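Just so it is clear, the structure is predicted and the values come from calculations on it, not from any experiment. In what follows, every chain begins at residue 1, and chains take the letters A, B, ... in the order their sequences are listed.
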Amino acid sequence: MGAFPDCPEPMKQQLAQLLSTAVATLQADGALPADLSVEIQLERTRDRKHGDFASNLAMMLCKAARSKPRDLAERLLAALPASDIVIRVEIAGPGFINFFLAPSAYHALLQQVLADGEKFGRSDIGAGKSVQVEFVSANPTGPLHVGHGRGAAYGATVADLLEAVGHKVHREYYVNDAGRQMNILAASVYLRYLDLCGETLTFPSNGYKGDYVWDIGASLHRKHGEALRHSTDEVFRDVTADEPQGGDKEAHIDDLIERIRTLLGETHYREVFDLGLNAILENIRRDLEEFGVHYDAWFSERSLTEGGAVERALERLKASGHVYEKNGALWFRSTDFGDEKDRVIVRDNGQTTYFASDIAYHMNKLERGYDRVIDIWGADHHGYVPRVKAALTALGDDADKLDVLLVQFAILYRGGERMQMSTRSGEFVTLRELRHEVGNDAARFFYVLRKCEQHMDFDLDLAKSQSNENPIYYIQYAHARVASVFRQLQDKGFSWNPENGAKHLDRLSESHEDELIVMLSRYPEIVEAAALNHEPHQLAHYLRELANAFHTYYNAHQFLVDDNDLRDARLNLIQATRQVIANGLGLLGVSAPDSM
RNA sequence: GCCCCGGUAGCUCAGUAGGAUAGAGCAACGGCCUUCUAAGCCGUGGGUCAGGGGUUCGAAUCCUCUCCGGGGCGCCA
């Protein structure tokens, strides 16, 4: 443990070490095949009658040993080296090896929590490996809505967890600042501007209808007055009819974009475009920042095109021989790599597709030398995974370095009715509204309470009306209660002597105390599992259990007792509890208040 | 049609790379505040783990089929 030379190996690792020594001994004796590679499995027991940790090792190896599980367990037990932290080992059931830990092991752990403080639970098992995590990356065509919130909370927490276990994490937002959607936004802004100039027009059915588009149109008007105004007749001349008028909504908006572009000229058009882009991007940035979601980089899609990266990616693909021309377009033969069909990378009109940019982007990510690259996408993009991996493989890159984590939708209900989440129609609940309604803490916690592949039903009315019953308050309350106890210390004429407490931890003999200490000792294992499996919900659930153990203890026993030794020992315990809750909530981006 | 995710208590969900008698919250019911914050605690009831078949010492967990729900299958991004 290079980063923390003072802290002993976690209990679990120590026990695993004992078992592997025993296995090696049996292998030397010929009781087990020498070439057998053994993976030690140890797990927390569900019932303390079975000790603290259990291993199914004997049952796993009984075939290789040509022996009954219980017999093998006996031999393993005999070969087990002595250890300070183990008080007893038993064989139980079909052949489980159950470890009972010494109280001193738990007492040492308690002191370690106090000594490590906010570092407790962190580790360096990530060994400094670099990981890039890209998440949210919503198109800057409108404010973030509650659907994006899940990706934001999940991505931020996964990133923080990975950092906590020793990875070097780079958080990135991919800004889709090129492409058709942004042009539609620019056109929408311009049309709202014309409206404010006094023009009468029918807004395209495919335009962005949200109120924020009016706002951007208004700031365009403030800046330029009527200088950019063109008559409705001029703008809509020769434009394909919109769908409600019996035409084609896609052609209608595309024609409008071209028309507006021509009328404004490239400079002014770009100005309108950038005004929309920057206004929305700034809004998104602030929103995420307020949500406790921070980025190291905002990566522009346009920079890929302008910097020649797309061109370079296409050249490399061509050189790989997996590209062909058909119907005037350029295709990538992704079927060579298991994709279900080939994909266009340059359209017949000469424009590169979004996919082409994405190939260039992922090429760029790998060129930056990360050990791992994690993309967090909405589940609706799942079909996209094979083609991106196919492209990386075709480029000669290691596609296995890329992990795509798919986050299922949060389905929003209000008044029992399902709500649509369409940026285009302007009908959506923004992330900001949600944060204001239920608070940042509750929102962050709620989003990571379920594993990412689980669909999420989110009843807004319920979240609002029951905000006091949200589990987050239960956890925060436990933290506040500890703080409150310490505030009461002086009022009662006591003081806390942690050194004295450390000397009398054996006074913590109540079953509630025992259970709480065991819960605390699990924390490093939980952080590790949550990080490596990208499952923040494990930490969220753990914290609830920890809070439960604390509340139960709180109700059963008085901490501020007259007995100095017992009082100090109990204060050590609850201070450690407070520390672990604060650390865990911190990793989830949730505050740990001292009073509520 | 093909692909991805899900189906566990009335509701919302956990179940740790198969492990010992299936858990929690909410909802329901019954208790606990002259004592460190009752946003709390204690207790009760509630389940053919969607269904069939298979794999093995052992399956909610792995394989397979069926049924149900959500999403995806563009020269859109």
From OH of A:Tyr154 across to C1' of B:C5 the rounded distance in Å is 13 Å
Whole-Å distance, A:His537 NE2 to B:G6 P, equals 12 Å
| said: With rounding to the closest Å, how many angstrom separate the P atoms on B:U8 and B:G52? | reply: 15 Å
Whole-Å distance, A:Glu515 CD to B:C41 C1', equals 14 Å
Would you indicate what A:Asn206 reaches in the nucleic acid, counting non-hydrogen atoms under 4.0 angstrom: base, sugar-phosphate, or nothing? nothing
The Watson-Crick or G-U wobble partner of B:C29, with both key distances under 3.5 Å, is B:G43
Base orientation of B:C33, chi within 90° of 0 counted as syn, else anti, reads syn
Here the distance between atom P of B:G15 and atom CZ of A:Arg522, to the nearest Å, is 12 Å
Rounded to whole Å, the CG-P distance (A:Leu405 to B:C4) equals 17 Å
Ranking B:C75, B:C13, B:A77 by distance to the side chain of A:Ala329, first place goes to B:C75
Taking a pair to mean Watson-Crick or G-U wobble geometry with both distances below 3.5 Å, B:G69 pairs with B:C5
A:Asp254 CG to B:G74 P, in whole Å, measures 18 Å
Among the nucleotides B:G72, B:G40, B:A77, whichever has the atom closest to the side chain of A:Asp380 is B:G72
From CG of A:Leu532 across to P of B:U16 the rounded distance in Å is 16 Å
Heavy-atom nearest pair, A:Asp563 first then A:Leu566, reads OD1-N, 3.2 Å
- For atom P, what is the distance between B:A22 and B:U35, given to the nearest Å? 41 Å
Using the P atom in both, what is the distance from B:U16 to B:A50, to the nearest Å? 15 Å
Here the distance between atom C1' of B:C41 and atom CD of A:Gln558, to the nearest Å, is 14 Å
Remember a base hit wins even if backbone is also touched, and classify A:Arg544 as base, sugar-phosphate or nothing at under 4.0 Å, heavy atoms. sugar-phosphate
When A:Asp47 and A:His541 are each assigned the nearest nucleotide of RNA chain B, the 5'-most assignment goes to A:His541
Any side-chain N or O of A:Tyr542 below 4.0 angstrom from OP1/OP2 of B:G15? no
Which of B:C76, B:C36, B:C2 is nearest the side chain of A:Tyr554? It is B:C36
